[in-house]
Amino acid sequence: MGTSLDIRLKRANKIYHEGEIVSGVVVITSKDTVHHQGISLTMEGSVNLQLSAKSVGVFEAFYNSVKYTLKCDIRRSLLAKDLTKSCEFIVHSLPQKGKLSPSPVDFTIAPETLQNIKEIAGSHVLHQNWSLNCCLLNICKILPSH
């Protein structure tokens, strides 16, 4: 048996609510001593946005949860293979009770503002100007823009 790596969250269903503590352990299992050059634990969150079919030209986002990915990496010597393990969990948002104060934000989508656009052969991206009504947003509400 070689060396194995696992991320174990205390909550089996991996679903949390805003304000709750996400806890768990990173488990390294090996019969021999594990030599390494560093262990890192990173977390990345993402929200899937959907365009509204009922409001052409208006960007509305509908979401009430954020998906997070925990990733543990163990760097090892050249003779031993690096170990990587990922674990996903979801955090559901609570409804906001207070009003968010609007603060408009203007931005532009153009080829020079996008990453990796040069890698897509034959892509034609229009220069588009956008304006969000505010930059502080309630995750459970529609995301208004023009």
Side-chain angles (χ1 to χ4, degrees), residues 1-78 80-120 123 125 128-146:
M1 173 187 161
T3 303
S4 66
L5 175 64
D6 195 17
I7 300 173
R8 296 181 189 161
L9 297 179
K10 287 194 175 179
R11 191 166 294 173
N13 67 4
K14 299 179 184 176
I15 297 174
Y16 296 85
H17 293 88
E18 184 179 334
E20 293 180 334
I21 295 174
V22 177
S23 62
V25 295
V26 172
V27 179
I28 302 169
T29 307
S30 179
K31 289 184 178 180
D32 300 320
T33 303
V34 177
H35 298 280
H36 64 86
Q37 297 172 338
I39 299 174
S40 66
L41 184 64
T42 57
M43 182 172 62
E44 181 178 302
S46 64
V47 175
N48 289 328
L49 304 176
Q50 299 175 358
L51 289 175
S52 171
K54 66 179 180 177
S55 304
V56 177
V58 177
F59 184 74
E60 295 178 338
F62 300 97
Y63 55 90
N64 64 354
S65 63
V66 180
K67 180 177 79 170
Y68 289 94
T69 303
L70 276 174
K71 183 179 176 186
C72 184
D73 293 302
I74 299 179
R75 287 192 345 239
R76 298 171 55 178
S77 68
L78 295 173
K81 186 177 176 183
D82 290 351
L83 298 173
T84 299
K85 182 69 175 186
S86 295
C87 173
E88 292 182 351
F89 65 94
I90 293 180
V91 176
H92 289 293
S93 300
L94 299 173
Q96 296 292 323
K97 295 179 182 167
K99 284 259 184 188
L100 296 173
S101 57
S103 173
V105 177
D106 296 326
F107 64 97
T108 301
I109 297 176
E112 59 272 9
T113 64
L114 301 174
Q115 292 180 334
N116 301 326
I117 193 66
K118 294 175 185 170
E119 295 175 9
I120 303 171
S123 65
V125 178
Q128 299 177 359
N129 294 316
W130 291 73
S131 178
L132 289 175
N133 295 340
C134 63
C135 60
L136 296 173
L137 302 167
N138 181 341
I139 197 167
C140 295
K141 302 286 183 188
I142 293 172
L143 174 62
S145 68
H146 304 359

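- Counting all heavy atoms, side chain and backbone alike, His17 lies closest to Val91 at C-CG1, 4.0 Å.
- His35 contributes atom NE2, which lies 10.0 Å from atom OG1 of Thr3 (distance to the nearest 0.5 angstrom).
- Atom CD1 of Ile39 and atom CZ of Arg75 lie 10.5 Å apart (nearest 0.5 Å).
- The line from NZ of Lys71 to CD1 of Ile7 is 10.0 Å long, rounded to the nearest 0.5 Å.
- Of the inter-residue distances, the one linking Cys72 atom SG with Ile28 atom CD1 reads 6.5 Å to the nearest 0.5 angstrom.
- Between the CG atom of Asn13 and the CD1 atom of Ile90 there is a distance of 9.5 Å, given to the nearest 0.5 Å.
- Val22 has its side chain out of reach of Tyr68: every pair of non-hydrogen atoms, C-beta onward, lies at least 4.5 Å apart.
- Across all their heavy atoms, Glu88 and Lys14 have their closest contact at O-CD, 3.2 Å.
- We find the CG-OG distance between Leu70 and Ser86 to be 8.5 Å, quoted to the nearest 0.5 Å.
- When all heavy atoms of Ser46 and Val66 are compared, the pair lying nearest together is O-CG1, 3.5 Å.
- The number of heavy-atom neighbours closer than 6.0 Å to CD of Gln37, taken from other residues, nucleotides and ligands shown, is above 12.
- In this structure, Arg8 places its CZ atom where only 12 or fewer heavy-atom neighbours from other residues, nucleotides or ligands lie under 6.0 Å away.
- Closest non-hydrogen pair, Glu20 versus Arg11, comes out as OE1-NH1, 2.7 Å.
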Check against side chain to side chain contact (heavy atoms under 4.5 Å, CB included), Asp82 and Asp73: CA-CA 7 Å; Asp82 290 351; Asp73 293 302; over 6 Å; no
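- Taking all atoms of both residues into account, the shortest heavy-atom contact from Phe89 to Met43 is CZ-SD, 3.7 Å.
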